Engineer: 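Provided herewith is a single structure, encoded as C-alpha cells, for subsequent inquiry.
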Amino acid sequence: MRRSSQTMIHKPPPLTVAKVLETFRRIAKESGKNSKEKKKNHVRALLVAACDCEPKYLIRLLLKDKLRIGLSELSLLEALACAAAYAEKHSVSCGSFQSDLSKAVDVLKGVHSMVPVYERIVPALLDGGVWNLADTCSFSLGIPCEPMLSAPAKSVSEIVNRYHGIEYTCEYKYDGIRAQIHCMDDGSIRIFSRKLECCTNQYPDVILAVKRLKRVPVKSCVLDCEIVGYDSEQMKILPLQKLMTRGRKGVHVDNIKINACIFAFDLLYLNGQSLLQEQLKIRRKLLKDSFEVETGILQFATALDSSNLDEIQVFLDKAVNASCEGLVIKTLSVDAAYEPGKAKWVKLKKDYLESMWDSLDLVPIGAYFGKGRRTAFYGTFLLACYDPDKEEFQTVTKAGTGFSEEVLKEHCQILSSKMIPKPKPYYRHISGKTTPDVWFEPSEVWEVKAGGLTISPVYCAGSDILNSNKGFSLRNPTLIRPREDKSPEQATTSKQIAEMYFRQWQGNPHMPPDDEEINS
DNA sequence: GCTGTCTGCCCC
DNA sequence: ATTCTGC
DNA sequence: GCAGAATGGGCAGACAGC
C-alpha cells in the first residue's frame, strides 16, 4: 500500500457492515484483465476508511482462515439457538432454562447438518420456533446435506471388539471424489461435493449414467457415492491423480478423456421420502433396487458382511489390491441411521496399520517459518532422500504434521544450530517452487509414514528414473519418530522410493500409464 | 501466444 | 487429507 | 469425544508479464 494513497484531505465516511459486505461481493465478482489491480483498490479503499480496530478484523477476514477469534459456524448456530430459546422462554418451560438452551443448540446443529442453508433455517425458525424446527426444516431434495463421515481405526481387531455381537458391513473405500447425487422429480440431476459445492457441470457423463441406470419406479432419489477414475480398456480403477486431470469448467461429454465410474454405497431419499432415519440395511436394499449396475459406469461398493477377523483381514488385503484405500465399516441395524456430518462410520486404511503403511527415512535439509501457534518455530520441514550413485540429497516432500509441541520445539532448536546460508551443491531441488526459508546441514534422519506415493511436478526424488522430468513424492506425509541410529547417507534411497511407487500398483499391472514409465 | 505463479466458499 | 491440543 | 488449528500433495483455471 503506497503512503500517498493515505494522504487524503477528508477521511471517508465510517464503514458499515452493509458497505463492507458490498465491497467484498464486488471483489469476488471482479475478473479478467487487471482484475488483481482492481481488487487491490477495493481493499485499499476499505482500509483507508477503517478506524480503531477495524483494520485488524478486515485483514483477518480478507486473509480467510476465519477470524481467529473463536467465532465459527458453531458459534453462529449457538447464538441463533440462544436467541430463539430466549424468544420462546415462556412458551415451553419444563425444566431449567439452561437445559432448554442446550437442547435448542442441539436442534440447530442437527437441522443445520441436514439443511446447511440459513435462508431455509431462519424463516422456519421465525415461523414455527425452535421446538418445531426439526419438522419445519428437514432434509429436502435439491439441497445437499452434510455427508456422513468416518473416523480412523488402527486395526481389524479394534473393529471386531467394538462391534462384538452386532451386525455390520465392510465396504471398499474407493480413492475418488465423494459425491451426493440428487435426482429431481423433473428428471434433472444435481451433484454436490463433500463440502457441498455444486459440481453438476463437471460430470456430464455421471449425469447420463445416473439417468440411464435409474430404474423406472424411481421418480426422485439421493445417492451417496464415490466418483472414481476408470480405465474402460483395462477395466481398472485409476488413481485419484488421473481423475483430477479432468476439466472443471465447460465440460462436454465428447471431450472427456478420463472416464468416471460411480461407486454407490447409500441412498438418502426415495420418491419423496427421506431415508436418513432408516437403518443402513434398509437403505442399502432400496439402493440396490433402485439402480441397474453396469461395470465401469455405475457399481455398488464391494462389501462383505462379516464379523470374522480373518475374513475381514483378507478382505482388506483384497481392497488394497483392487487399488482401494482400505475399508469403511458400518453397522447395519443397530445405530445405523444416516447421521449427516457425524463420523459414525469407521475407516480402516492401510496407512493406519503399521504392518501396511509405507515408511521412509528422510533427511530434513530445510525449513519454513510457522504460522499461528507455530509462530517463532519452524512449521514445516523440507525432506530429502539420498541417491548414493550421484551422492546427492533429492527433495521428496515437506512435513509439518505428526510433531507434538515438545518434539517440534526440540527439533527446531537442534536444527537451527545446523543452519547454513546456502544449499549444499549436492542438494537437488527445484528452486523457487520448494525453496525453504532456511537451509540445514544434513544431520538428522526422520522416519515418515505416507498413505502412498505420487508423481510430483515439484520434487526431485528419483527424477532420473522417470522419463517425464518429474520426481516422486508422498501422500499425507506424517512424522513418526527421529531415527537416531541412522546417518543421512543411510536415508531411504531414490531407487527404493521408485520401487515403492511401482509396488503400489502390483494388483493393477497396467498402471501407471505410459507417461510415467521407467527410463531405460 | 507462452510461461510462471497463485488460488480454490478445491479435491484428497 | 492427518495429527495434536484444549475443553 | 469433539472442534479448532496447525500442517501435507496436486490438479485446473486464472491472471500477470513478457
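Residue numbering restarts at 1 for every chain, and letters A, B, ... go by the order of the sequence lines. What you are looking at is a predicted structure, and each value in this text was computed from that prediction instead of being measured. Only heavy atoms go into these numbers, but all of them, side chains included; no hydrogens, no water, no symmetry mates.
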Engineer: Let me spell it out: for each of A:E197 and A:R248, pick the nucleotide of DNA chain B with the closest heavy atom. Which residue's pick is nearer the 5' end?
Structural biologist: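 Counting from the 5' end, the first nearest nucleotide belongs to A:R248.
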Engineer: With a 3.5 Å cut-off and sequence neighbours excluded, list the donor-acceptor pairs that the side chains of residues 117-124 of chain A form with protein atoms.
Structural biologist:
| residue | atom | partner | partner atom | Å |
| --- | --- | --- | --- | --- |
| A:Y118 | OH | A:E73 | OE2 | 2.4 |
| A:R120 | NH2 | A:S140 | OG | 3.1 |

Engineer: For D:dA14, take OP1 and OP2 only and decide whether either is under 4.0 Å from a side-chain N or O of A:K33.
Structural biologist: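 Checking A:K33 against D:dA14: no side-chain N or O falls below 4.0 Å of OP1 or OP2.
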Engineer: Partner of B:dT3 by Watson-Crick or G-U wobble geometry, both contacts under 3.5 Å, or none?
Structural biologist: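 B:dT3 is paired, partner D:dA16.
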Engineer: Out of D:dG10, C:dA1, D:dG8, which nucleotide sits closest to the side chain of A:R194?
Structural biologist: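 Side chain of A:R194 sits closest to C:dA1.
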Engineer: For A:F403 together with A:Y378, are the ring centres under 6.0 Å from each other?
Structural biologist: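 Ring-ring flag for A:Y378/A:F403: false, centres at least 6.0 Å apart.
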Engineer: Does B:dC11 have a Watson-Crick or wobble mate here (both distances under 3.5 Å), and if so which one?
Structural biologist: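 With both distances under 3.5 Å, B:dC11 matches D:dG9.
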Engineer: Taking OP1 and OP2 of C:dC4, is either one under 4.0 Å from a side-chain nitrogen or oxygen of A:S404?
Structural biologist: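 Answer is no, no contact under 4.0 Å.
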Engineer: Any side-chain N or O of A:Y352 less than 4.0 Å from the OP1 or OP2 oxygen of C:dT2?
Structural biologist: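 Yes.
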Engineer: For C:dC4 and A:T401 - does any side-chain N or O of the residue sit under 4.0 Å from the phosphate oxygens OP1/OP2?
Structural biologist: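 Indeed not, no polar side-chain atom of A:T401 lies that close.
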Engineer: Can you tell which of C:dT3, B:dC11, D:dG8 lies closest to the side chain of A:I177?
Structural biologist: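 The answer is B:dC11.
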Engineer: Quick check on D:dC11: is either OP1 or OP2 less than 4.0 Å from any side-chain nitrogen or oxygen of A:Q241?
Structural biologist: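 It does, given that an N or O in the side chain of A:Q241 lies less than 4.0 Å from OP1 or OP2 of D:dC11.
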Engineer: Name the closest nucleotide to the A:R374 side chain, picking from D:dG8, D:dA16, D:dA6.
Structural biologist: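 Given the options D:dG8, D:dA16, D:dA6, the side chain of A:R374 is closest to D:dA6.
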Engineer: Please state whether the phosphate of D:dG10, meaning OP1 or OP2, lies under 4.0 angstrom from any side-chain nitrogen or oxygen of A:K470.
Structural biologist: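 Indeed not, no polar side-chain atom of A:K470 lies that close.
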Engineer: Measure from the side-chain heavy atoms of A:T397 and tell me the nearest of D:dG10, D:dG8, B:dC12.
Structural biologist: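 Shortest atom-to-atom distance from the side chain points to D:dG8.
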Engineer: Determine: side-chain N/O of A:K433 to OP1/OP2 of D:dG9, distance under 4.0 Å, yes or no.
Structural biologist: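 Looking at the OP1 and OP2 atoms of D:dG9, neither is under 4.0 Å from any side-chain N or O of A:K433.
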Engineer: Any side-chain N or O of A:K195 under 4.0 Å from OP1/OP2 of B:dC12?
Structural biologist: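 The answer is no; no side-chain N or O of A:K195 sits under 4.0 Å from OP1 or OP2.
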Engineer: Out of B:dC9, D:dT7, C:dA1, which has the shortest distance to the side chain of A:K371?
Structural biologist: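 Closest nucleotide to the A:K371 side chain: D:dT7.
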Engineer: For C:dG6, does OP1 or OP2 lie under 4.0 Å from any side-chain N or O of A:R373?
Structural biologist: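 Indeed not, no polar side-chain atom of A:R373 lies that close.
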